[in-house]
Amino acid sequence: ITTDHGRGEAQNGKWRDHGSDVKGAGEIWLAVIGAGVYPLGESAENKKIFQGQIAATIAQLVGVEFKPAHPVLPALNLSVK
């Protein structure tokens, strides 16, 4: 489960925009659930990951080789049982 783009910080509890000038709008999240996925909770690591890593990560988790016709970022290193 993930998002396509960040939402930014809501002013007074009201979200209105996600443009490049909105603080936090460039941040997304990723949740992974399923058989064999070890529950790690929210990551405390302060490392930058990118939306371009999601497809490769999903393919790795389900045991499929990801070979698109364009350059891609590497899969994330997620712990699985």
Side-chain angles (χ1 to χ4, degrees):
I1 304 167
T2 190
T3 60
D4 59 339
H5 53 74
R7 300 291 187 234
E9 294 182 6
Q11 298 296 319
N12 300 319
K14 298 177 182 174
W15 177 77
R16 294 184 183 218
D17 199 2
H18 60 273
S20 61
D21 60 332
V22 176
K23 183 179 177 182
E27 299 175 10
I28 63 170
W29 54 267
L30 171 68
V32 180
I33 57 175
V37 177
Y38 185 73
L40 299 174
E42 185 175 347
S43 176
E45 292 183 39
N46 187 16
K47 70 178 186 179
K48 196 176 270 192
I49 61 173
F50 299 91
Q51 190 174 29
Q53 293 175 276
I54 294 173
T57 302
I58 293 169
Q60 181 183 62
L61 288 170
V62 298
V64 174
E65 186 175 4
F66 185 62
K67 292 181 96 175
H70 54 82
V72 296
L73 295 169
L76 299 171
N77 185 15
L78 301 177
S79 299
V80 293
K81 288 184 192 179

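The residues of the chain are indexed from 1 along the displayed sequence.
For the atom pair OG1 of T2 and CD of Q51, the computed distance is 6.5 Å after rounding to the nearest 0.5 Å. Taken from CG in L73 to CD in Q53, the straight-line distance is 5.0 Å, to the nearest 0.5 Å.
Residues F66 and T57 have side chains not in contact (no heavy-atom distance under 4.5 Å, counting atoms from C-beta outward). When side chains are defined from C-beta on, V72 counts as touching H70, because their heavy atoms get closer than 4.5 Å.
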Determine, stepwise, if the pair L30 / L76 fulfils side chain to side chain contact (heavy atoms under 4.5 Å, CB included). CA-CA 11 Å; L30 171 68; L76 299 171; 3.8 Å; yes
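Of all non-hydrogen atoms in A56 and P74, the two that sit nearest each other are CB-C, 4.3 Å.
For E42, there are no salt bridge (charged side-chain N to carboxylate O under 4.0 Å, His left out) partners at least two apart in sequence or on another chain.
Between the side chain of T3 and the backbone N or O of I28, no donor-acceptor pair lies under 3.5 Å.
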